Amino acid sequence: MSVYAMEKTPWRMPRMGIALAAILMTLSGCVTTGGSQSAVYRARDKVAPALVHIRPVKEVYSRGKKEEVSIIGSGFIISTDGYVVTNEHVAGESKFVRCVLSNKEEVDAEVVGVDPFTDIAVLKLAVDYTLPTVKLGVSGTLEAGEMVMALGSPHGLARSVSLGIISVTDRYLESHSDMVSPYNTWIQTDAAINPGNSGGPLCNLRGEVIGVNARVLRGAENVGFAIPIDVVKEVSKQLIASGHVARSNVGISLQEMLAKTDDIHAQGVVIADVDPLSPASETDIRPGDILVKLNGAPVNARFEEDLPSVHKQIADLPVGQPATLTVQRGEEQLEITVTTEMKGALKGDEAEFTEWGFTASELTPELVRRAQLPSRQGVFVSGTQVGGLAGSAGLGQGDIILKIDDTVVENLAQFQEHYRKAVESQKKLTLLTVKNRALTRYIIVKQGPAAPGQDS
Amino acid sequence: MNKTRGALIGIVLGLASWAAPSQAAVSNDGFTQSVIVQAHERLTPTVGILQYSSEITNQNTGEITKRDSSALALVVSAQGLVMAHGHMVLEDNQPFNIKITLGQGSDEKEYEAELLEKPEDVNIAFLQLKSDTPLNLPYVRFAPGRNLSIGEPVMLFGVFGETLDNVVGLWEGRIGAIIEKPRRTYCLDSAVRFGFVTGPVVNRQGEVAGVVGFDLTQAEGGDLYVRSGHPLVYQADLFTKYIENPPSKESLAQGDDAWLGVFTQPLTEDFQEYWKLDHSGGLIVSTVVPASPAATAGLQLGDIIIDFNGTPIKARQDRDVIGFTKLVRETGAGAATKVTVLRGTEKVEIPITLGVRPRSSADADEFEDKIFGMTVREITQDIRIRLNLTEDVQGVIVRRVTSGSTAEIAKIRPGVIILGMGDYPVRNLMEYQEAVEKIAAAKPAELTIFARVGTATGFFRLQPRWEP
């Protein structure tokens with residue numbers, strides 16, 4: 001059985017062992033009641049026909065090479081003409097996706113769009129007949145304790161159903177490397193979720209899908225997390241319409257008010273950081289300012305669970321338009337105008353440079369920040385092959401290529417063009433200027449005579 | 001020696017592979033039995049057992065673990081100066097409770113010992129035995145200036161630990177390789193037991209030519225080449241000066257090391273060909289440290305250093321960079337120098353006044369804050385480079401956080417850089433101490449710390465537990 005561990009795992013271990021034990025006891029009480037049994041059957045019958053077992057072939061870049069990896073996930077059909085919702089971490093970076101429907105028919109699907117910020121992807125099944133769909137519920141009115149079912153392919157085992165309750169309706173999960181969820185809190189459930197459940201529906205006993213299962217807490221038992229369906233509805237609609245989700249960026253990091261004070265009267269949200277190279281960096285906004293209004297509308301985040309909605313308020317500002325931020329600085333209240341920019345990608349495009357034996361990706365704002373580059377120019381070396389030309393010349397994973405010969409590297413496409421020229425002309429020596437952390441250095445890539453087979 | 005003392009513990013940085021007994025070739029080309037017997041008799045009383053505990057700080061988490069270790073101790077003066085393996089003194093390894101046992105049977109005696117300053121140019125630790133009465137101990141007499149040659153057999157003296165009751169024994173070796181650059185280094189032809197490290201190395205004449213060593217110091221290119229675990233012979237000339245004049249902070253600080261503030265790469269043939277230079281050899285300036293003497297004087301990225309204050313720079317290989325670093329360091333802080341660089345096709349002479357080499361994190365000042373429960377330290381230049389911190393980041397870096405402390409509860413972790421506490425900016429260790437004192441006097445119910453975590457800034461809220 002080819003199973004890929006595709007669950008994403010919160011890095012922080014919430015301390016909730018005692019609470020969890022209590023919930024499990026409640027659950028065992030619920031399951032034995034006769035009324036629930038028939039409700040479970042009914043809900044299953046409503047959702048299961050639209051359940052999809054998904055087998056994408058992902059393109060992953062590993063040790064300087066592009067490789068294909070076959071994985072397994074879950075999804076569900078939301079329209080009779082074949083749109084399927086799943087996770088971005090299931091369908092992202094896939095050129096080829098095969099789906100198995102509930103009647104065991106195998107159908108190819110196209111990736112319509114992905115949104116790594118919410119971990120949502122939409123596929124389109126290649127069918128010309130009417131398909132069964134799920135009914136999408138509402139996640140805004142959920143309550144802890146409500147019974148829910150998870151459907152999907154845990155460990156590749158298609159058509160599996162598990163039962164539990166909602167443990168918490170609005171769990172906040174901190175970002176960790178490429179696992180982020182700035183715009184949503186999570187539904188926490190004790191319904192069993194395992195690798196392979198990713199992208200599958202979490203539904204209530206009325207058979208309405210209220211979340212998309214996506215993460216588990218590693219090492220814990222039955223601490224799973226689903227993306228609230230209200231978020232999924234909005235994101236999938238945009239993905240179907242345009243293939244991507246447009247968001248605004250201002251360039252401020254936020255923290256809940258509790259990070260500064262537990263004064264219950266304190267209103268607003270703490271500006272923790274101002275991102276260099278962002279619109280906010282061109283204004284007088286400073287870390288420590290309290291953002292109290294956005295275009296005149298009050299913003300408030302006393303607890304970390306309140307942060308995603310503020311992030312979303314900012315993301316929903318029109319891109320490229322001025323916005324007024326009202327900030328409190330000590331006794332003073334200031335109005336600062338910022339022109340928003342398009343939110344940068346979370347994951348950069350990646351490419352393999354076969355002849356030199358390395359892979360590189362587009363610089364994302366996060367990579368630029370981490371490397372503290374003065375501009376967004378350059379490409380990020382994601383891996384080098386042992387014995388490859390680039391690796392032997394001293395290029396390594398984590399290097400940022402700033403220049404190729406005398407040309408400043410602007411982006412991946414432009415670098416590819418220069419690289420292609422160097423390879424095709426069999427240029428003997430190519431100079432790369434690279435940066436890694438605080439140090440820059442020069443690397444000479446030496447191309448020998450054409451490799452055997454090429455010179456005939 | 002006493003069996004209960006425990007076996008020699010040899011788990012120091014990758015020594016595992018070396019701990020296996022070697023298949024030393026048995027040969028009789030040169031050593032006569034009488035030379036060996038005499039050397040054994042003479043050297044046995046000089047070899048003792050060093051036992052110590054060390055406090056090891058995890059670089060990343062700041063977590064401290066403790067470990068007991070033992071090793072060979074070699075008495076090198078009648079007054080009780082002792083040499084031991086240099087790895088007992090590392091940046092994150094603080095030895096304490098040091099004891100040295102000398103003598104055999106009824107003559108066995110345990111001494112407390114004090115660790116002296118470790119020299120930079122040889123990987124040996126020096127210790128001084130403590131005694132209420134003047135000591136007059138048997139000690140090793142080294143024969144300096146004895147060059148060893150390739151293939152020359154040598155007799156190594158050391159301690160057979162574990163089940164062999166720490167008996168002083170011998171092991172035959174041969175000079176397997178001689179590295180000429182950056183300084184002459186003798187490599188042994190086969191592995192030796194850990195109990196032989198710092199043990200005397202005797203030549204065919206019965207003279208003690210040096211001691212068994214391992215790991216190259218920076219002066220030998222130890223940063224560039226991974227030669228750990230390969231046994232070496234440290235010839236006596238490397239350390240006899242420290243026996244005559246035991247190392248101390250004062251004796252080692254022979255003026256400040258000079259500092260230029262550049263990172264360089266050798267001008268290899270490929271670079272020379274790429275840039276179509278007539279000039280052969282040199283150092284390409286690849287990084288100029290901000291606010292360094294080099295930066296002030298206007299050295300630029302891509303400049304090729306071809307002459308440093310009258311000394312031509314002909315670097316072609318990585319190891320040549322070390323020679324340049326040494327040359328700069330020894331030129332003297334504050335010296336007015338002239339550096340000639342190739343900038344494009346032009347030769348440019350740049351006057352540079354050398355600065356003082358900034359302190360490294362190993363010598364960084366720390367402050368243990370018992371009020372909030374964390375130890376912070378100054379941000380040294382090497383940390384700045386390691387963490388890619390620009391000059392505008394001024395603060396203190398958290399080294400350790402006490403379990404259960406106010407700081408730990410607020411989720412402050414080692415590596416966090418504190419930039420401000422409450423209304424007080426914290427730009428250095430002194431400002432941190434002052435801020436803590438003022439806050440402790442005011443006893444606020446909550447305190448906001450402004451800090452940098454990774455590349456982003458943010459706030460931590462502390463709820464101090466003030467004693468009534």
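So that the names make sense, note that chain A is the first sequence line, chain B the second, and so on, each numbered from 1. Only a predicted model underlies this, so the values are computations on that prediction, with no experimental measurement involved.
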Using non-hydrogen atoms and a 4.5 Å limit, figure out which bit of A/Lys446 sits close to chain B: side chain, backbone, both or neither. side chain
Options A/Thr433, A/Asn436, A/Asp405, ranked by heavy-atom pairs under 4.5 Å with chain B, top entry: A/Asp405
Pick one of side chain, backbone, both or neither for B/Ile385, based on which atoms fall under 4.5 Å of a heavy atom in chain A. both
Sub-3.5 Å donor-acceptor pair from the side chain of A/Arg437 to the main-chain atoms of B/Arg386, do we have one? yes
Less than 4.5 Å to any heavy atom of chain A: does that hold for the side chain of B/Gln463, its backbone, both, or neither? side chain
Would you mind telling me which of A/Arg369, A/Arg370, A/Lys435 has the largest number of heavy-atom pairs within less than 4.5 Å of chain B? A/Arg369
Separation between CZ of B/Phe459 and CG of A/Leu258, rounded to the nearest 0.5 Å: 14.0 Å
All heavy atoms of A/Ala272 vs all of B/Phe450, minimum pair found to be O-CE1, 3.9 Å
Does atom CD of B/Glu269 have more than 12 heavy-atom neighbours from other groups under 6.0 Å away? no
May I have the step-by-step check of side chain to side chain contact (heavy atoms under 4.5 Å, CB included) for A/Arg441 and B/Gln265, ending in yes or no? CA-CA 8 Å; A/Arg441 61 186 206 282; B/Gln265 289 173 253; 3.4 Å; yes
Would you say NZ of B/Lys347 has more than 12 non-hydrogen atoms from neighbouring residues, nucleotides or ligands within 6.0 angstrom? no
If I measure from the heavy atoms of chain A, does B/Val285 come under 4.5 Å with its side chain, its backbone, both, or neither? backbone
Report the option among B/Leu301, B/Ile449, B/Leu387, B/Leu389 that has the most heavy-atom pairs separated by less than 4.5 Å from atoms of chain A. B/Leu301
Which answer fits A/Leu254, side chain, backbone, both or neither, if we ask what part of it has an atom under 4.5 Å from a heavy atom of chain B? neither
Distance check, rounded to the nearest 0.5 Å: B/Gln272 atom CD versus A/Leu429 atom CG? 11.5 Å
The test is side chain to side chain contact (heavy atoms under 4.5 Å, CB included); show your working for A/Thr440 and B/Phe263 and say whether it passes. CA-CA 9 Å; A/Thr440 43; B/Phe263 286 82; over 6 Å; no
Polar side-chain atom of A/Tyr442 near backbone of B/Ser286 as donor-acceptor pair, under 3.5 Å: no
Using a cut-off of under 4.5 Å on heavy-atom pairs, state which of B/Thr448, B/Thr264, B/Thr457 scores highest against chain A. B/Thr457
Return yes when atom CD of B/Glu391 has more than 12 non-hydrogen atoms of other residues, nucleotides or ligands closer than 6.0 Å, and no otherwise. yes
I'd like to know if the side chain of B/Thr455 pairs up with that of A/Gln372 as donor and acceptor (distance under 3.5 Å, no hydrogens or angles considered). no
Measuring from A/Leu431:CG to B/Phe271:CZ, what's the distance to the nearest 0.5 Å? 6.0 Å
Per-residue contact mode, A/Asp275 against chain B (heavy atom under 4.5 angstrom): neither
Hey, does the side chain of B/Glu446 reach the backbone of A/Asp262 with a donor-acceptor pair shorter than 3.5 angstrom? yes
Could you go through the side chain to side chain contact (heavy atoms under 4.5 Å, CB included) check for B/Tyr274 and A/Thr430 one step at a time? CA-CA 8 Å; B/Tyr274 181 87; A/Thr430 305; 5.6 Å; no
